[in-house]
Amino acid sequence: MKLLRRTLVVSVALALGSLAGTANAQVTLNVISGGSQNMVDYVTDYLGPLFEKQNPGVKVSVVGTGPDDAGSQKMMEKLQAQKSAGMATWDTDVIVPNQQKTGEMVRDGLLLKYRDSIPTGKYAVSQSAKMALGVDVDGYVMPMFESQTALAYNPDLIKNPPASYDELRSFVAKNPKAFGYNGIKGGMSGVAFVVGWMYAYGGNAQAVQQGPYDAKMSAGWQKAFADLKSFNQQVVFTPGNAGTLDMLNRGEIAMGPVWVDMFQTWKAEGRLPPNMKLKILSPGMPGQPYYYAIPAKARNVELAKKFIALATSPQVQAEGIVKRFNWYPGIDANVVKPALDTKTWNQLFVDVTPADLAKNAKPFPLAPYFKDLREQYESQVQN
Amino acid sequence: MHRPFAGWTGLALLLPALLMVGLLFVYPLGFSLAYAFRNEQTGGWDLTNFAKAFDLYGRDIALTAGVTVLSTALVGVLAIAIAGYITLGENPRAVKALRWIYRWPLFIPFVVAAQLMRTFLAKNGMLNNTLMSLDLVEPLQAISLLDWRGVVITFVWKQLPFAALLISGAMAAMDRSLMESARGLGAGRLRILIEIVLPQVQATVWVSLILSFVTMLSALSVPMMIIAGTPTLLTVDMAWRVNSYGDYGVANALGFVSFAMSGLAAWFYLRQGMREGGLPK
C-alpha cells in the first residue's frame, strides 16, 4: 500500500512537472552550429541563456556538427534531405555554417533571405557578408565573427620572426624542423598556410580570390607546389590544428600557423606559454567568417530572426565574440568598439594590428579554385 | 516431432531482423559498392573513381594493408603470450595480477586511446620524457612516434585485450590432462604452449585475429588523430573526400578497396568455420 501511494505521488509530481515544463518552454529554437566545440559552447553557455532570459517561454537547443567543411556538410545534407522529402517545415531554425558550404546552400535554395528585415542587418559591412568564396550571399547571412590564421612563434627562440613567406623559407632552410604545420587533411590552419603559399607563389592570387573561375588558371601552379614539396622536407608535420598548438606548447616546434582565436583562448587558459606571439605573413594569410543563416523553411522564422539580431548586436558582439571568445567581430568593428573597454580592445589587436589585418588578411580562394588547389596539393606535394 | 515455428510463423518472426539488416546494412553496402563505378561527369559507369583513388592514395592503400597486417600479427603474438601465461603460469600472484590488468584497454574507446597516445608518444611526450630521465635516450635523439608506428602501437594496445580474452577463454576450456602429462614428461612451458596448447585453440586464435583485423581496418579516429601529415590510412582519405570535396565517388572506390581487404579476412573466417565442420561461430 505504501509503495502504491509512493508511486502515485511520484507520477503526480511527474505529471505536474511536465505540465509546468510545457507552460514554461512552449517553443524550442533549434540551432545547429558548425565549427569547433568552442562555438557550441558559445551558444550553450552564453548566447542561449541570454536569449532565453529575454524571451520567456523559449528554449534554445543547440547541436554541434564539427569543424571545417565536414561539419557544415552535415547540416547541408540534413536540409537537403528535408527539402527532397518535400516537408512543409524543416526542423532547424538557425544554422551556423562555414563559408564554403554557405555558398553551396544559397545556390541550392536552402536558405532564407532575411538580413534586411532585422535591425542589425545594416552592420553587416564586410566583404564576406556579401560574397562567400565567389557565391553571392548578400542578404542571406550575418557574419557571426571573423577568424584569422597567423603564424604563432616563441619569441625566446626566434628573436626576429619572418614577416613574409620568402623570409620563412630562408628561415626554414637555416633552421630545419623548427617550423611545423598540419598539412591539408588535419584542419584548416594547415590548409590556410598552403593557401597563403599559393597566394605568394601561384602567380594569380587576385583571380583566385575574386574570380572568375577559369580552369586554365590552376594549371600554372606546378612550380609553386614543387617548391612547397621541397619546403615540406624541412618542416615537422603536426596532428591537427590543436596538434600544432600542442607541439608549440611542448617546445617541439618553435613556430607554426594557427587560428588566432584558438591561440588566444589557449593562452588565456594557460595551455600555451604566455610569451607566445603572432604574426601574419605577407603577402597574406586567409581567414574566414562563420555565418548565421536561416533555413528556407524554418519553423520559427520570426524567433530565428530575433535570435540572430541579438547575436549580432554590438553589445553581444563585444561581450561574447570579442571578450569571451577572442574572435574578431563579425559586424562593423566601429560599432563594436564603443561597447568595449580599451584594455580588451587592445588585447585583441596586440600582436596583429588592424593595419596588419587590413593589409594581410585574405579570404580563402573561390570554391572551384580551392578544390583544384587541394587536389593538386594531394597529387603533386603528397605523392 | 516438435516443430516450434514452422513456415510462415518463423518467417514473420524473422522479418523485422531481416528488414533491419536489409535496409540498414545490405542496401547501403550495395549502393556504395555500385556507386564506386559511377562516373558523375558522364553519368556512365566506368573505373574513373578507381583510377583517381589509386593515383592519389595508392601509397595510403599499401600503408593501410601494411599497418593492419602488422598490428594483427603483433596482437596475435602478444595475445598468445598473455593467454599462455595465464593458462600455464606458475606464480599465482603474477597470474592473478596479469588477469586483472590485461583487460583494461578493452573499456577505453578508440578515440580516447588515440588522444592518450597523442600526448604519450609525442617527441616531448611522456614516453620520451621518461626515457630521458632514465638516461636511456639523449634529448636530441628523441623522436616523435606520431606516424604509422603510433597507429600500430595504439591498435595493438587497444585490440590486444580482446584477442587475449578470447584466446585465454579457449585455453581455459581445454582438457588440462594433456598439459599435465607433457609437463610430467619434462616438456618446458614454451614447448607445451606451442606444441600442445596452440594447435588446440588455433580456431579461436584465427577468429580473434580476423575480427581484430576488421576492427582496425575501420578505425577512423586513431589515424586521424595520430598520423601527422601523409601517408595516412584509407578511412581518413574517405572522410577527406566526402568532407572536403563532397566527392562520394572516390570515397566509394576507396571503400570498395577496404571492403576487398576485409572480404579477404571474411573468406578466411568462413573457411575456418567450414573446416571445423559447421557454421562459423
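Chain letters run A, B, ... following the sequence lines, proteins first, then strands; residues in each count from 1.
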Novice: So, do B/Ser244 and A/Arg374 sit near enough that their side-chain heavy atoms are less than 4.5 Å apart?
Specialist: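 Yes, close enough: below the 4.5 Å cut-off.
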Novice: Taking side chain as everything from C-beta outward and backbone as N, CA, C, O, which of these in B/Leu56 sits under 4.5 Å from a heavy atom of chain A? Side chain, backbone, both or neither.
Specialist: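 For B/Leu56, backbone and side chain are both near chain A.
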Novice: Using a 4.5 Å heavy-atom cutoff, which residues in residues 115-123 of chain B come close to chain A?
Specialist: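 Interface residues of residues 115-123 of chain B: B/Arg118, B/Thr119, B/Ala122, B/Lys123.
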Novice: Between A/Ala242 and chain B, with a heavy-atom cut-off of 4.5 Å, which part of the residue counts as in contact: side chain, backbone, both or neither?
Specialist: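 Contact with chain B: backbone and side chain both.
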Novice: How would you list, by chain and number, every residue that makes a salt bridge (Lys or Arg N to Asp or Glu O under 4.0 Å) with A/Arg169, sequence neighbours excluded?
Specialist: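 In terms of salt bridge (Lys or Arg N to Asp or Glu O under 4.0 Å), with neighbours along the sequence ignored, A/Arg169 is linked to A/Asp227.
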Novice: Residue by residue, scan residues 57-68 of chain B and write down, ordered by number, those that have a heavy-atom distance under 4.5 Å to chain A; if none do, write 'none'.
Specialist: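 Contacts with chain A: B/Tyr57, B/Arg59, B/Asp60.
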Novice: Hey, could you give me the OG/CZ distance between B/Ser144 and A/Phe237, rounded to the nearest 0.5 Å?
Specialist: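 Atom-to-atom, B/Ser144:OG and A/Phe237:CZ are 13.0 Å apart.
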Novice: Any chance CH2 of A/Trp221 has more than 12 other-residue heavy atoms, nucleotides or ligands included, within less than 6.0 Å?
Specialist: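 Buried by this count: over 12 neighbours within 6.0 Å.
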Novice: Mind ranking A/Gln382, A/Lys185, A/Gln73 by heavy-atom pairs under 4.5 Å with chain B and telling me who comes out on top?
Specialist: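 Top count of heavy-atom pairs under 4.5 Å with chain B: A/Lys185.
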Novice: Under 4.5 Å from any heavy atom of chain B, what part of A/Thr238 do you find: side chain, backbone, both or neither?
Specialist: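 For A/Thr238, backbone heavy atoms alone lie under 4.5 Å from chain B.
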Novice: Of the backbone (N, CA, C, O) and the side chain (C-beta and beyond), which part of A/Asp246 lies under 4.5 Å from a heavy atom of chain B, both, or neither?
Specialist: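 The side chain, not the backbone.
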Novice: Would you mind telling me which of B/Asn124, B/Ile226, B/Leu146 has the largest number of heavy-atom pairs within less than 4.5 Å of chain A?
Specialist: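 That would be B/Asn124.
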Novice: Can you measure from OH (B/Tyr245) to CG (A/Asp69) and round to the nearest 0.5 angstrom?
Specialist: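 Interatomic distance, B/Tyr245 OH to A/Asp69 CG, rounded to 0.5 Å: 10.0 Å.
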Novice: Answer yes when B/Arg241 and A/Glu378 have at least one side-chain N-carboxylate O distance shorter than 4.0 Å, and no when they do not.
Specialist: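 A salt bridge is present here (some side-chain N lies under 4.0 Å from a carboxylate O).
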Novice: Please say whether more than 12 non-hydrogen atoms of neighbouring residues, nucleotides or ligands are located less than 6.0 Å from CD in A/Glu269.
Specialist: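 Yes - once you tally the heavy atoms of other residues, nucleotides and ligands closer than 6.0 Å, there are more than 12.
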Novice: Could you pull out all residues at least two apart from A/Tyr369 that satisfy ring pair (Phe, Tyr, Trp, His ring centres under 6.0 Å)?
Specialist: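 A/Tyr369 satisfies ring pair (Phe, Tyr, Trp, His ring centres under 6.0 Å) with A/Tyr213 only.
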Novice: Could you tell me which of A/Lys371, A/Met247, A/Gln100, A/Glu375 has the largest number of non-hydrogen atom pairs under 4.5 Å with chain B?
Specialist: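 The residue among A/Lys371, A/Met247, A/Gln100, A/Glu375 with the greatest pair count is A/Glu375.
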Novice: I'd like to verify something: which residue of A/Lys101, A/Glu252, A/Glu77 has the highest number of heavy-atom pairs under 4.5 Å with chain B?
Specialist: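 Top option by heavy-atom pairs under 4.5 Å: A/Glu252.
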